Amino acid sequence: MLDIRFIRENTEAVKAAMANRNADVDIDAVLALDGRRREIVAEAEVLKAERNKTSKSIGQMIKEGKDPEAIKTQVREMGDRISAFDEEQREVEAKLREALLYVPNMPSDTTPVGKDENDNPVIRSWGEKKIFDFEPQMHWDLGAELGLFDLERGAKIAGSGFPLFTGKGAKLERALIQFMLDLHTEEHGYTEISPPFMCNETAMTGTGQLPKFAEDMYAVPLDGLYPIPTAEVPVTNMYGNEILDKELPILHTAYTPCFRREAGSAGKDTRGLLRVHQFDKVEMVKFTTPETSAEEHEKLTLDAEKVLQLLGLHYRVIELCTGDLGFSAAKCYDIELWAPAQDKWLEVSSCSNFNDYQARRANIRYRNEDGKTAFVHTINGSGVALPRLVIAIMENNQNADGSIDLPEALRPCMGGLQKLD
RNA sequence: GGAAAGGUGGCUGAGUGGCUGAAGGCGAUGGAUUGCUAAUCCGUUGUACGACUACCGUUGUACCGGGGGUUCGAAUCCCCCCCUUUCCGCCA
């Protein structure tokens with residue numbers, strides 16, 4: 001969340017930023033709650049100081065054998081007034097926190113201002129569109145013919161959007177996960193984490209999924225748990241309520257399945273593996289100082305790109321404008337793969353810098369050069385998500401006979417296999 | 001799921017109603033000293049929010065797993081919850 005002091009001291013800038021985001025938040029209401037809270041605290045603290053002092057004098061009186069009853073009554077009355085203040089303070093603070101949890105992050109100064117996804121600039125691209133001398137097939141047809149997945153049976157046991165991979169398709173998932181984890185741990189300096197696949201409400205709030213996006217999350221109410229929508233949740237919150245004494249930056253990578261209800265996107269891009277409720281993903285998460293976060297964000301994006309380069313896949317990097325930026329992000333690059341049969345770009349990675357927004361929610365701090373505690377900056381990005389990566393491999397590497405060439409870099413993880421046929 | 005014991009500062013570990021924001025030890029850090037890769041001595045060493053400030057600091061409040069209660073006053077007493085460890089049960 002945003003620092004309430006920052007909102008207080010930069011009210012106009014915050015309002016302008018919210019407008020750029022098309023975010024409907026009432027900053028004045030937040031400030032009113034903050035103002036009331038500060039009034040209450042100031043008054044209550046004077047009373048409390050008085051009570052503490054008087055209370056101590058009672059102990060003294062008892063030692064001296066004097067009768068403290070009159071003063072006791074007096075302090076009891078003070079206590080009643082304090083209780084009233086405390087109660088109102090609790091109410092106001094709960095409201096204030098709730099309101100703050102719904103205020104999105106400030107976009108970074110370098111984030112382009114724009115209305116929606118049409119205003120997202122293309123930053124760079126790599127490779128080029130492949131030319132086919134035959135009509136490329138859709139991945140769902142290829143997958144069915146080659147026996148890589150069985151979406152009907154996945155739907156039978158869980159519902160549509162729960163893909164079931166079979167044979168070489170299942171192995172391809174496993175190989176891609178291993179390939180990416182090995183790359184990030186061995187070449188890019190990340191430490192691998194294998195976290196819980198469910199998180200509690202506190203963790204889900206820390207990274208910004210709750211409270212606002214509850215309807216996008218699966219939930220296990222009986223146990224107060226949520227199947228994670230991304231490894232970002234457990235891997236970021238693992239340091240919640242800590243003052244990190246490790247050297248920054250901390251670099252983590254993790255494979256997890258991801259569970260998303262995809263509420264509100266019903267009927268959109270639903271064929272095949274385009275948009276599913278459960279998918280595999282390798283995620284990268286960084287904890288940095290404010291000084292290095294911008295640079296580390298760029299590097300993390302390059303780390304994700306490296307995966308695609310090694311697999312020989314044509315991609316582009318776009319930057320999300322203020323109107324399209326995610327709730328918690330200050331700056332974000334999306335990486336999109338070219339899918340020739342779809343004839344469109346598919347998002348496989350979203351690399352975001354959150355500055356101290358998540359750290360403030362999750363209370364993750366470090367000691368700066370002056371020895372003072374300060375909030376870390378968090379950065380994360382997919383490195384990368386599997387389903388659309390699989391789509392791109394299948395559609396780009398298909399042959400006229402319906403077989404699919406495996407990228408060379410992947411073959412060692414596939415037991416030397418060269419093609420799927 | 002049942003039983004027991006615990007959760008105190010960076011760590012360890014005292015503390016059963018006021019003199020405790022918290023002894024002692026370790027670690028860290030500043031200094032002194034010593035001709036040797038170390039010892040000794042002295043000092044400093046929690047977090048958050050607010051007020052004041054000559055911005056070196058001063059001061060108030062809160063915090064001893066979380067929440068609630070008793071009391072003039074709670075780390076300390078009571079209740080609920082969470083977590084950890086051990087034993088039993090169940091189980092991949």
Side-chain angles (χ1 to χ4, degrees), chain A residues 1-9 30-101 194-206 210 220-227 234 237-248 250 257 287 356-376:
Chain A
M1 63 192 141
L2 297 182
D3 184 359
I4 185 62
R5 258 181 316 191
F6 179 84
I7 298 177
R8 204 186 295 146
E9 289 161 13
V30 170
L31 288 173
L33 286 167
D34 174 52
R36 181 59 193 149
R37 187 191 73 87
R38 298 203 301 153
E39 282 173 16
I40 295 167
V41 168
E43 288 193 58
E45 284 192 353
V46 171
L47 269 176
K48 284 178 183 175
E50 175 98 25
R51 176 180 64 179
N52 289 346
K53 221 172 102 187
T54 316
S55 248
K56 268 192 182 149
S57 75
I58 290 176
Q60 195 60 35
M61 289 175 77
I62 291 172
K63 265 184 204 155
E64 293 168 4
K66 295 181 189 160
D67 177 20
E69 283 311 315
I71 298 195
K72 274 197 188 179
T73 310
Q74 197 185 322
V75 178
R76 197 177 298 130
E77 278 163 14
M78 267 188 234
D80 291 342
R81 289 171 65 199
I82 289 169
S83 296
F85 275 123
D86 282 349
E87 194 179 331
E88 191 185 351
Q89 186 183 341
R90 265 199 298 276
E91 282 167 20
V92 170
E93 280 182 351
K95 279 185 199 159
L96 177 60
R97 178 172 167 79
E98 182 74 4
L100 279 174
L101 288 177
S194 180
F197 296 164
M198 294 212 259
C199 280
N200 59 29
E201 185 178 330
T202 304
M204 295 289 283
T205 304
L210 293 180
V220 186
L222 192 61
D223 298 293
L225 292 171
Y226 298 81
N237 285 288
M238 62 187 273
Y239 294 120
N241 288 320
E242 288 189 37
I243 298 172
L244 300 176
D245 51 8
K246 297 186 178 74
E247 185 123 341
L248 298 180
I250 295 170
F287 303 82
D356 64 3
Y357 186 87
Q358 291 183 325
R360 203 176 287 282
R361 289 172 82 112
N363 194 26
I364 306 170
R365 293 173 293 172
Y366 75 109
R367 287 189 195 282
N368 64 21
E369 286 163 2
D370 303 331
K372 301 266 194 214
T373 55
F375 290 104
V376 301

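Note that the structure is predicted; figures quoted are calculated from it, not measured. Below, read A as the first sequence line, B as the second, and so on, with proteins coming before strands; counting in each chain starts at 1.
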Interatomic distance, [X] atom [atom1] to [Y] atom [atom2] [nearest 0.5 angstrom]:
X	Y	atom1	atom2	result
A:F375	A:I243	CZ	CD1	10.0 Å
A:E88	A:I40	CD	CD1	3.5 Å
A:N363	A:T202	CG	OG1	12.0 Å
A:L100	A:R97	CG	CZ	8.5 Å
A:K66	A:I58	NZ	CD1	13.0 Å

Which value, in whole Å, describes the distance between the [atom1] atoms of nucleotides [N] and [M]?
N	M	atom1	answer
B:U71	B:U45	P	38 Å
B:U8	B:C42	C1'	28 Å
B:U61	B:C55	P	26 Å
B:G25	B:U40	P	13 Å
B:C26	B:A14	C1'	15 Å
B:C77	B:G15	C1'	15 Å
B:A75	B:A23	P	15 Å
B:C87	B:G69	C1'	34 Å

Are OP1 or OP2 of [N] and a side-chain N or O of [X] less than 4.0 angstrom apart?
X	N	answer
A:N52	B:G60	no
A:T373	B:A48	yes
A:R76	B:G73	no

How many Å lie between [atom1] on [X] and [atom2] on [N], as a whole number?
X	N	atom1	atom2	result
A:N200	B:G66	CG	P	16 Å
A:R360	B:C49	CZ	C1'	13 Å
A:R51	B:G18	CZ	P	17 Å
A:R365	B:G46	CZ	C1'	10 Å

Let me check I have this right: for RNA chain B, each base becomes ., (, ), [, ] or |, based on Watson-Crick or G-U pairs with both distances under 3.5 Å. What is the full string? ((((((((.[[[..)..(.....]]]((((((.......))))))(((((((....))))))).[[[[[..)....]]]]])))))))....
More 5' along RNA chain B: A:T54 or A:A42, using each one's nearest nucleotide?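 First, find each residue's nearest nucleotide; the 5'-ward one identifies A:A42.
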State whether A:E39 and A:R36 are salt-bridged, where the test is any N-O pair (Lys NZ or Arg NE/NH1/NH2 against Asp/Glu carboxylate O) under 4.0 Å.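 Yes, charged N to carboxylate O under 4.0 Å.
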A:R90/A:E87 salt bridge by N-O under 4.0 Å criterion: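 Salt bridge: no.
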Nearest-neighbour nucleotide for the [X] side chain, [options] considered:
X	options	result
A:V75	B:C72, B:G50, B:U47	B:C72
A:R8	B:U61, B:G73, B:G50	B:G50
A:I62	B:U61, B:G73, B:G18	B:G18
A:I243	B:C49, B:U47, B:A62	B:U47
A:R5	B:G50, B:G18, B:A48	B:G50

Output yes when a side-chain donor or acceptor of A:S55 lies under 3.5 Å from a complementary backbone atom of A:N52, and no otherwise.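 Judged by distance alone, no pair lies under 3.5 Å.
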Okay, side chain of A:R360, backbone of A:L2: is any donor-acceptor separation there less than 3.5 Å?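 No, because the side chain of A:R360 does not come within donor-acceptor range (under 3.5 Å) of the backbone of A:L2.
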Between A:E43 and A:L47, is there a side-chain heavy-atom distance shorter than 4.5 Å?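 Side chain of A:L47 against side chain of A:E43, heavy atoms only: no contact under 4.5 Å found.
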Taking atom types as they are modelled, is there a donor-acceptor pair under 3.5 Å from the base of B:G50 to the side chain of A:E45?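 When only heavy-atom distances are counted, A:E45 does not reach the base of B:G50 through any donor-acceptor pair under 3.5 Å.
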Expected output is a numbered-order residue list: members of residues 78-95 of chain A with a heavy atom under 4.0 Å from any atom of RNA chain B. What is it?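 Within residues 78-95 of chain A, the residues near RNA chain B are A:R90.
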Against A:D34, only a single residue in A:E93, A:R8, A:R5 fulfils side chain to side chain contact (heavy atoms under 4.5 Å, CB included); can you say which?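 It is A:R8; the other options fail the test.
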What contact category does [X] fall into here, base, sugar-phosphate, or nothing, at under 4.0 angstrom with non-hydrogen atoms?
X	answer
A:A49	sugar-phosphate
A:I58	base
A:T73	nothing

